[in-house]
S.K.: 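Here you go, one structure.
In what follows, chains are A, B, ... by sequence order, proteins preceding strands, each numbered from 1.
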Amino acid sequence: MQRPDMSVVLAGIPMRNPVMTASGTFGYGAEFADYLDLESIGAMVTKGLSLKPKAGNPTPRIVETQGGMLNAIGLQNVGIDAFIEQKLPYLKNVNTPVIANLYGNTLEEYGEVASRLDGLAGVAGIEVNISCPNVKQGGIVFGTDPGAAKEVVSLVKRNTSKPLIVKLSPNVTDVVLMAKACADAGADALSLINTLTGMAIDLDRRRPVLANVTGGLSGPAIKPVALRMVWQVAKAVKLPLIGIGGIMNGRDALEFMLAGATAIQVGTASFLDPSAAQRIAQEMEQYLVEQGIESVRSLIGALEA
Amino acid sequence: MQRPDMSVVLAGIPMRNPVMTASGTFGYGAEFADYLDLESIGAMVTKGLSLKPKAGNPTPRIVETQGGMLNAIGLQNVGIDAFIEQKLPYLKNVNTPVIANLYGNTLEEYGEVASRLDGLAGVAGIEVNISCPNVKQGGIVFGTDPGAAKEVVSLVKRNTSKPLIVKLSPNVTDVVLMAKACADAGADALSLINTLTGMAIDLDRRRPVLANVTGGLSGPAIKPVALRMVWQVAKAVKLPLIGIGGIMNGRDALEFMLAGATAIQVGTASFLDPSAAQRIAQEMEQYLVEQGIESVRSLIGALEA
Amino acid sequence: MQFKSMVISNVEVSPNYFRMRMSAPEELASAVPGQFVMLKVNDAIDPLLRRPFGLFDVGSFVPEYAGCGTQVYCEILYKVVGKGTKILSALHHGDLVDLLVPLGKGFQMGPAGEEKVLVGGGVGLAPLYYLAKELKQRGEKVRLFAGGRNRDDVLCITEFERLGVETYVATDDGTLGERGFVTQVLERHLGTGMRIFACGPTPMLNAVAKMSQKLGVPCQVSMEAYMACGVGACLGCVMKGANHSDETPDYRCVCKDGPVFDSFELQWS
Amino acid sequence: MQFKSMVISNVEVSPNYFRMRMSAPEELASAVPGQFVMLKVNDAIDPLLRRPFGLFDVGSFVPEYAGCGTQVYCEILYKVVGKGTKILSALHHGDLVDLLVPLGKGFQMGPAGEEKVLVGGGVGLAPLYYLAKELKQRGEKVRLFAGGRNRDDVLCITEFERLGVETYVATDDGTLGERGFVTQVLERHLGTGMRIFACGPTPMLNAVAKMSQKLGVPCQVSMEAYMACGVGACLGCVMKGANHSDETPDYRCVCKDGPVFDSFELQWS
Ligand SMILES: Cc1cc2nc3c(=O)[nH]c(=O)nc-3n(C[C@H](O)[C@H](O)[C@H](O)COP(=O)(O)OP(=O)(O)OC[C@H]3O[C@@H](n4cnc5c(N)ncnc54)[C@H](O)[C@@H]3O)c2cc1C
Ligand SMILES: Cc1cc2nc3c(=O)[nH]c(=O)nc-3n(C[C@H](O)[C@H](O)[C@H](O)COP(=O)(O)OP(=O)(O)OC[C@H]3O[C@@H](n4cnc5c(N)ncnc54)[C@H](O)[C@@H]3O)c2cc1C
Ligand SMILES: Cc1cc2nc3c(=O)[nH]c(=O)nc-3n(C[C@H](O)[C@H](O)[C@H](O)COP(=O)(O)O)c2cc1C
Ligand SMILES: Cc1cc2nc3c(=O)[nH]c(=O)nc-3n(C[C@H](O)[C@H](O)[C@H](O)COP(=O)(O)O)c2cc1C
Ligand code: FES
Ligand code: FES
């Protein structure tokens, strides 16, 4: 049998395979160049970018939990200008699509970051992180309110000609409602899930472990929640989906595709194994070979339920 | 030093220690009598009871996930009458408070089960599970809508003179909103969290593992989410709280108390170790001895955050 | 009972099949064949749940080393199929595991004098060995019909023969005994005055149950289900009883009402 | 580099302190003292993250058994403090672990002829041994100031002395060397023409950094932080740089910009 066809096209972005790296877990790509072939994976997503450089939260910022980890990095990043000057030139030389993950602290900031990225060569698409508090509106998180999400996505859409991926928060009663709001507002694809809000306590010191008190839960622990949400959204919304949450190996990744994802992102797994993204793509291919499946695309949404 | 005071009073129910068993994970008590001393724990919560016997879901009903498990038992139970006839007599002879967990498929059923339990000797209090779909209202889950939750709790309150605990669902955008709705409607205490909705997929068979497709995630994986919610609710609502979610040992239990819980429930841990509830109570006491803490009550809400 | 047990030995008896002997308290000597153990393979959360295994043998011996009198043990025979059994297979003498045992309802041996017909597929042979031992101790006539995909799946036949059990073997590929299903071999032998005890894959049990009902031969089957608690509390392991219907549901707990059932108690497809 | 490494030995050198030798590829011979390894203690999700340890030694030997030429190894010296190190301490010769190494920025050894002053507290001695070895190889004069709560915390002093390092010891309880803080002993010796290399608990590093700044003695400190990735990607391990303020934040990654910093790069309290 010839090698299976692993390629997918996501919202117009052609990828050699469905494996992307998740925002905030792969730096700006270069950090992992020693551990895997950046040209072996489907796409790279940058750390979340904001208009100005952002310092992030005080430390401790991370803590391990059972089967997962909490992070409260606070979206530390170099800012959009430094990204363009310092990070993008390196990435342009890598023959793998780069998705710029962006966020804002106000509605307007979202729009400005998006327009700054528009027209930039070397950025194949943008992923909008709406799991951020709106500082102007008492801190309510954009991604937990359908109205606010719609506003953000519409604004970004007006400011970009690039494929627009919206990344959904799992901390909601009805993820389908949020997905529909983003679809209506012009999203070209949806990625899910971002982290679940959690907390860890240091019993002896009687204090939260994280300086920020709460943080985002990621890793294998959240996979069942992520799979459920991808499946729910896939049934209700026609947009292509990117499955994220606790993907550690090729089988995990393929499960997300069965649930309806066109591509997947590898997050926490890259900390355990910096070559995880490449390994996962290989394991997926290997599974296809063993099962005699010709194209990975035939698995998208192929769950019998 | 003399032995620390482990007793707490929860919504008027005096308990020898803060350790309760969680609904659906401890049968009707008798199942565990060979493995622990039922009179060593704070209180027992029954499997969720409904007006009529309920068959529950087809199998498979459970599956292990990383750091947790999914269940879709479908609330199989003997029904309120059989509980009173067959299970309660045994429990009456155990000198430990019994909390009857109840649910309904319609608003009215909640009211009826509650009134059937009212005045029953041997039932120290009731815990209302509002994580159930309202079959009359297109299946929307009572516990994810503040209005519906308020209605259920008000109705149950009118039908009972027993201490009323309301068990909150974590599958919501704003657990504080739900907690306030239940408090306003007359709850005497809140327990949280119930399971997070999740899903598992059998890649080779291309089918969901659970016959019911989705199920409830419990175990260590969910502990960070549970801790966060207990802490959020404790800050906003004056009612006593019961912390639930992934508690496996005495340290876990005490962390929930720091976050604001007056008592805690042990669920999945009883499957790994049928003596878990008793062991956890012992471990908590041991910690107090080591730290020279006189009363476990001094830890409630003692987190410095 | 719940106790910490020391692994006494853990040997690969056939490719991928292990036989593990574990120390047990004296009371375990009264365990009934067909009962099972729930074993926590490590004290981590990965894997989270205990794993169920039939009792392959219960007995006692006097250890070589001083300071321990008669040591009661239990044995399991298991196939490495996933995470938990893989970890199990790496355990050594001296390692500790946490056991719940004896769980569930075992085999009812029936009146003396009948021919006792044991039918096992693959690892389903495990509980039948302890059963055969107890039956032979009572002086019963015992025949074993053992099946598997190939010779490697037909386990511990010598041990059965050493007990004085007459054995018949069939494998799907004919690498041991007859080629074909063990149920075909069984069918040729089956007659009145016999009592069947079966354990193995569901299709096999299905065939045996039907055959026995047709011939009016009493038949007990040992079932498997995905289990969490093992004590009848979680209601995860239920099976449909004979009279189950969507309207009048009738579920049985494999862990508590079983794992051994009279075949007519259950619903067969 | 990422590679599977075989545990060669894993010995308890002091109560609760272990020294573990692991096989490594040839390229590791060029690792710089002060660099560290990220080690996955098992291939389960519990514990989830890798654990960081300083390089205690790097070298090579010819194994007894045939078929392997010169075998490069690296060593770590670790204290059992929690889940991960407990699992580590149970590993044996032949077990495999997954390593990322060499990570981070190591010590800059400075010009020849200075007196090299090493200051270590408890397990902070670990990276200093490899440093001392390299410095002595260059023919430098090396003094070690080692501290700990009690004698059990003062590790491998004989090994340092065998290298020709002059050692000074202080313990909180006086069970070995002087009673008191090692920084007090250090203060008496410190003077110009020296270069400090320090590793240990933050309060100790704080005191050493301040002392060195007062005396104008160049000082490098090796820091610890809770790490997830070890490669500068997660931004979990940051520390405040010297000019950090809430308005003009200046964070440094311990894993990538460190773990060794010039003391004036960081903000001390
Ligand atoms: C009453 C009873 C007696 C059993 N006796 C034996 C025996 O004597 N020897 C033997 O080898 N096996 C026996 N089994 C099956 C054995 O429990 C499973 O093979 C084992 O739990 C698999 O664990 P794992 O972690 O290796 O596999 P996993 O990685 O968990 O899964 C591998 C496969 O095993 C199945 N499985 C996993 N857990 C269970 C479970 N708790 N119950 C049933 N199936 C499961 C899964 O569906 C999957 O297909 C028995 C099962 C039951 C219910
Ligand atoms: C660059 C660097 C070099 C180190 N070198 C050594 C060394 O040579 N020898 C040595 O014994 N230890 C060293 N440590 C500390 C060592 O990493 C921790 O002791 C170890 O990770 C604890 O793991 P655990 O699972 O046993 O503990 P856990 O059960 O995870 O926790 C026990 C305690 O250790 C702390 N801890 C846990 N994980 C980390 C982590 N990733 N980083 C820092 N602290 C942590 C926790 O806050 C907790 O207080 C180093 C740390 C760093 C950052
Ligand atoms: C340390 C860390 C930093 C993260 N930073 C971002 C970020 O900047 N923007 C974003 O959209 N998601 C961020 N995430 C979320 C991940 O992209 C991903 O959605 C999440 O971790 C779940 O996937 P996983 O379980 O595979 O890690 C971050 C996650 C981690 C662990
Ligand atoms: C098998 C199983 C059955 C359950 N049945 C019920 C139930 O009938 N009513 C209810 O309110 N909660 C039920 N729960 C939820 C638990 O009471 C508890 O809230 C949840 O498992 C989280 O706690 P844990 O992580 O300690 O298990 C069930 C949980 C499990 C695992
Ligand atoms: S395994 Fe829990 S009821 Fe049978
Ligand atoms: S540990 Fe991830 S950036 Fe340092």
Side-chain angles (χ1 to χ4, degrees), chain A residues 21-36 46-48 52-78 209-211 215 218-221 223 246 248-249 267-276 278-279, chain D residues 1-4 27 38-52 81-84 97-104 202 223-241 243-257 266-267 269:
Chain A
T21 56
S23 178
T25 64
F26 206 68
Y28 301 96
E31 292 86 344
F32 286 82
D34 286 349
Y35 301 101
L36 50 69
T46 66
K47 174 74 194 161
K52 303 259 164 287
K54 179 101 190 283
N57 289 325
T59 57
R61 291 175 168 191
I62 46 176
V63 61
E64 190 176 274
T65 64
Q66 302 239 46
M69 64 176 281
L70 289 166
N71 88 79
I73 305 300
L75 293 164
Q76 177 181 340
N77 79 99
V78 296
V209 176
L210 298 176
S218 64
K223 187 185 136 196
M248 307 299 282
N249 56 48
T268 303
S270 290
F271 301 158
L272 282 64
D273 173 9
S275 62
Q278 179 170 6
R279 172 178 52 79
Chain D
M1 273 184 284
Q2 179 178 17
F3 54 88
K4 283 260 177 255
E27 302 90 293
M38 287 285 272
L39 193 153
K40 185 91 182 77
V41 301
N42 60 18
D43 52 12
I45 55 146
D46 182 25
L48 187 73
L49 298 173
R50 287 173 184 268
R51 298 294 193 253
V81 297
K83 188 153 64 172
V97 288
D98 193 273
L99 291 191
L100 300 183
V101 64
L103 298 175
T202 308
M223 306 302 296
E224 284 197 12
Y226 207 98
M227 293 183 175
C229 72
V231 300
C234 74
L235 306 180
C237 67
V238 297
M239 299 205 109
K240 291 175 184 163
N243 301 317
H244 176 94
S245 72
D246 281 355
E247 297 74 43
T248 59
D250 167 25
Y251 279 118
R252 311 289 172 93
C253 272
V254 172
C255 70
K256 188 89 181 175
D257 306 320
L266 299 178
Q267 194 169 94
S269 53

S.K.: Using a cut-off of under 4.5 Å on heavy-atom pairs, state which of D:D250, D:I45, D:V238, D:T248 scores highest against chain A.
M.R.: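 Most heavy-atom pairs within the cutoff with chain A belong to D:V238.
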S.K.: Considering only heavy atoms, which portion of A:Q76 lies under 4.5 Å from any heavy atom of chain D: side chain, backbone, both, or neither?
M.R.: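 Both backbone and side chain.
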S.K.: Specify the closest pair of heavy atoms between D:L235 and A:I73, including all atoms of both residues, with the distance to one decimal.
M.R.: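 So the minimum-distance heavy-atom pair works out to O-CD1, 3.5 Å.
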S.K.: Please report the interatomic distance CG(A:L272) to CG(D:D43), rounded to the nearest 0.5 Å.
M.R.: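 Here the rounded value is 10.5 Å.
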S.K.: Just how far is it from atom OH of D:Y226 to atom OG1 of A:T59, taken to the nearest 0.5 Å?
M.R.: 13.0 Å
S.K.: With a 4.5 angstrom heavy-atom cut-off, could you sort out which part of A:P60 is near chain D: side chain, backbone, both or neither?
M.R.: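 Neither part.
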S.K.: Are the side chains of D:V231 and A:Y35 in touch, meaning some heavy atoms are under 4.5 Å apart?
M.R.: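 Answer yes - side chains close enough.
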S.K.: What residue, out of D:A44, D:A225, D:C229, has the most heavy-atom pairs lying under 4.5 Å from chain A?
M.R.: D:C229
S.K.: Which one, D:C237, D:G232, D:A228, leads in non-hydrogen pairs under 4.5 Å with chain A?
M.R.: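 Greatest number of close heavy-atom pairs with chain A: D:A228.
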S.K.: Most heavy-atom pairs under 4.5 angstrom with chain D, which of A:T65, A:N77, A:N71, A:V63?
M.R.: A:V63
S.K.: Need one label for D:M38: side chain, backbone, both or neither, based on atoms under 4.5 Å from any heavy atom in chain A.
M.R.: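 D:M38 has no heavy atom closer than 4.5 Å to chain A.
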S.K.: Under 4.5 Å heavy-atom distance to chain D, tell me which part of A:Y28 shows up: side chain, backbone, both or neither.
M.R.: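 Neither part, no heavy atoms under 4.5 Å.
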S.K.: How many angstroms lie between atom CE of A:M69 and atom SG of D:C234, to the nearest 0.5 angstrom?
M.R.: 6.0 Å
S.K.: Against chain D, work out which of A:G219, A:S275, A:S270 has the most heavy-atom pairs shorter than 4.5 Å and name it.
M.R.: A:S275
S.K.: Do you know which two heavy atoms are closest between A:F26 and D:A233, and how far apart they sit?
M.R.: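 Taking every non-hydrogen atom into account, C-CB, 4.1 Å.
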S.K.: Applying salt bridge (charged side-chain N to carboxylate O under 4.0 Å, His left out), can you list everything that pairs with D:D98, at least two apart in sequence or on another chain?
M.R.: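 Residues passing salt bridge (charged side-chain N to carboxylate O under 4.0 Å, His left out) with D:D98: D:K4, D:R50.
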S.K.: Which residue pairs satisfy the salt bridge (Lys or Arg N to Asp or Glu O under 4.0 Å) criterion with at least one member in residues 55-75 of chain A, sequence neighbours excluded?
M.R.: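 Only A:E64-D:R51 qualify under salt bridge (Lys or Arg N to Asp or Glu O under 4.0 Å).
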S.K.: How long is the span from the CG atom in A:D273 to the NZ atom in D:K40, to the nearest 0.5 Å?
M.R.: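 With rounding to 0.5 Å, CG (A:D273) is 10.0 Å from NZ (D:K40).
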S.K.: Which bit of D:M1 comes within less than 4.5 Å of chain A, counting heavy atoms only: side chain, backbone, both or neither?
M.R.: backbone
S.K.: Let me know if D:K83 has heavy atoms under 4.5 Å from chain A in its side chain, its backbone, both or neither.
M.R.: side chain
S.K.: If I take atom SG from residue D:C255 and atom CD from residue A:E31, how far apart are they, to the nearest 0.5 angstrom?
M.R.: 9.0 Å
